[in-house]
Each structure stands twice: as structure tokens, then as C-alpha cells.
Amino acid sequence: MSEHFETNSIRINSSKSNQKEHSSPIYLSSSFTFESAEEARATFAEELPGYIYSRYSNPNSSELIEKVCAAEGTENGIATASGMAAMFGSIASLLQQGDHILASRSLFGSTHQLLTRVFPKWGITSTYGDISDYLEWDKLIQPNTKMLFIETPSNPGLEIIDLEWAGKFAAAHNLILVVDNCFATPYLQQPAKWGAHIVTHSATKYIDGQGRVIGGLILGSNELIKEVQFFTRHTGPAISPFNAWILSKSMETLGVRMDRHCDNAEKVAAYFDGNAELDAVKYPFLKSHPQHHLAIKQMKRGGGIITLTLKGGLQRAQRFIDQLAMISLTPNLGDSRSIVTHPASTTHSKLS
Ligand SMILES: *Cc1c(COP(=O)(O)O)cnc(C)c1O
């Protein structure tokens, strides 16, 4: 492993097959064979390393995990069929009935549904904290609080949570700190450096980068990932080898793509900043962003998302969107094609 982000993202490859290919092939194989009954026994018993069955692991998902771990500074991970499988799996595998989650209020819509409607069915409850007052969070801790779940920058509001504070707060209260790092990507921010125990991704977004496949990642220490691995092995959210292959190829270009996303976003944000037709322009690296000081502390650059608040509410926003000539109207992000979306009336309509 190199110290260079790009070198790792390009040069970490699954070991060559007998064909001596230069670029990693797609291992579309449900299962893997053994030389002997004894080798099969020992592999199942985890005495020998080796692939068994693609619900457990596969060379393509292993390559993707190894690359993203090098980028995030984490020991191990699991690749999942979607970002939500990663969010669900990270919570379901590490918590049990009676446990409580403390979460930041600004969360992805489906993550909010998990916390408020899915996990309570199994006795796992949660409370939301507000990032405007970190001192309040001490009062939200309950005797059964086991996890701190945050998203920074948040989707879509670009709220930024102080990762240094989160790491210290989690350590002081013995909580598992989970950070959804989808918006920043490991190129711009590595939450594990600040004490995150688990980093999750919707790989669908910037990691794919071209709007093709759905995928997710759960990354962390060997010890925690062992727990997650047990859960994913037996519940089955495995990523398809094809999708893992696409995402691993995409990692090769993540650095250059993120730099270009940031270059472009900086120009667009500067263009809109101060426009009289807008109530607000939000971009982490604009000085006017309420948590600009945190953004520059913990992020390399501001990312590829800008939020605009138009004067005139929903109708004005809809008129603005409908008059754009080239930008796609679609619920995704991190694509090579620029996208516009109105979260309040679509992806986030279930939130207050
Ligand atoms: C998209 C997204 C998810 C969900 O990921 P999928 O790949 O769509 O399942 C989770 N968190 C954030 C911040 C997202 O943007």
C-alpha cells in the first residue's frame, strides 16, 4: 500500500488469474472450488483464507473494499448491494434490542425511516440532536445509548458536524461512532482519523460517479467488521460482483473526478453567492456557510453539491427547475452529468 490516494486506488488489484490479465476481470461466480475435502473443511472453518461463496465474499468486492479501506484509513469492510443495506447492516449487526441511538437531525430520508419506523419494531430506539448546540447532546445520552450516528455534510442541507467533537463525545460516552461519508467521499474527508468506528457509504453516488450502479460500503476495525461480516453472511445483502467491479474501476478516477467536481462547484457557488433572487446559497467552502470553519478544518475541499434557496418557495423552485436547459432532473448525485433536485417535495418529503 502506498501513501498516495491515487496510487492505491489504481494499483490495489485482485491477484492475477492464470491469464495474466492487466485489468481485473469480473468474477461472476456464485461459488468457488476446493482442491480437496480437507481444504474445503479448513476454508469453512476459517483456518485457511479463500473464497467460498459470493454471498460471503468475492474477489471483486474484496478489491473494492481494499481500495476504499486504503482511502479511508480503515482496516476492513463489507460491500453491500446498496447504501441503505450498508446503513441498515451497520446498525442491525452492532446493536440489539433495548439499545438506543443518538443521531444528528439532518439525515438521509431513508436513514430517518430506518431510525423512526424500522428499528423501533425490534426495540432499538433513537433520539435526534441538533448541531447548533453540542452542549445539549450530553442531556440526550441515555443509560442504554450505544451508538452515535451522523452524516456530514448532510444530504441535502450540507450541515457540517464537527468530527473532532463527535469522536471525543463518542469516546467519552463509550458509543460506536458511525459516519455516513457519502457526500464527502474519502478523497475529501476521512472520519476514521477523527475517531469514527464505522464509516458507511452509498457507493451509488460519487464512488460510481457515472450514475450506473447501486452499492454500499461498511468500513471499520477488524473487530467491528467481524460482527458485521457475520450479519451480512447470513442475511445476504451482498453486492453483485459486476457492480463491485464497476465501483472498483471507478475508484481509479475518484480523485481526479472530485477535484473537477470541486472546481466546478466553487465557480457555480461563487456565481450565485449574493444573488438577490436567492434567500441563501450554501456550499461548505463559501465563507457564508454557517459551519465554514469546520468544513475547512475537516474537509480537503467543499465537494460537488450546492444548495440554493429561492425566494418564492416551491412554485418558484419548480419554475427554476423546469427552465434549465441541460441539467438533469433526477434523484441521484455524484454523477458526471449535473443534476438538479428539489428534496423538500421529493426525496425528503417525509421529513418536517
Ligand atoms: C443515497 C444516500 C444513501 C442511500 O444509498 P443508496 O445507495 O441509494 O441505497 C444514504 N446516505 C446518503 C447520504 C445518501 O446520499
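Because only heavy atoms are used, hydrogens play no part in the values below, and waters and symmetry mates are left out as well, while side chains stay in. In listed order, ligands and their atoms are each counted from 1.
Using the six-membered ring where Trp is involved, F44 and F34 have ring planes that are tilted, between 30° and 60° apart. In this structure, H292 and F285 have perpendicular ring planes: the angle between them is above 60°, well past the 30° mark.
Near G83, with a cut-off below 4.0 Å to any heavy atom, the atoms of ligand 1 are 5 (O), 6 (P), 7 (O), 9 (O). Within the listing of ligand 1, atoms 10 (C), 11 (N), 12 (C), 13 (C) sit less than 4.0 angstrom from a heavy atom of D180. The contact set between ligand 1 and C182, taken as ligand atoms under 4.0 Å from a residue heavy atom, comprises 13 (C), 14 (C), 15 (O).
For a threshold of 3.5 Å applied to N or O pairs, the pair formed by T111 and ligand 1 contains no separation below that value.
Distances from atom 8 (O) of ligand 1 to the heavy atoms of S202, G215, S106 show the closest one on S202. Heavy-atom proximity to atom 15 (O) of ligand 1, evaluated over E151, K205, M87, M84, is greatest for K205.
We find that E159 and R105 are not joined by a salt bridge, their nearest charged nitrogen and carboxylate oxygen being 4.0 Å or further apart.
Counting protein heavy atoms only, atom 4 (C) of ligand 1 is closest to F108 CE2, 3.4 Å.
Between I160 and Q298, the closest side-chain pair of non-hydrogen atoms falls below 4.5 Å. Annotation: side chain of F320 is not in contact with side chain of R316 (no heavy-atom distance under 4.5 Å).
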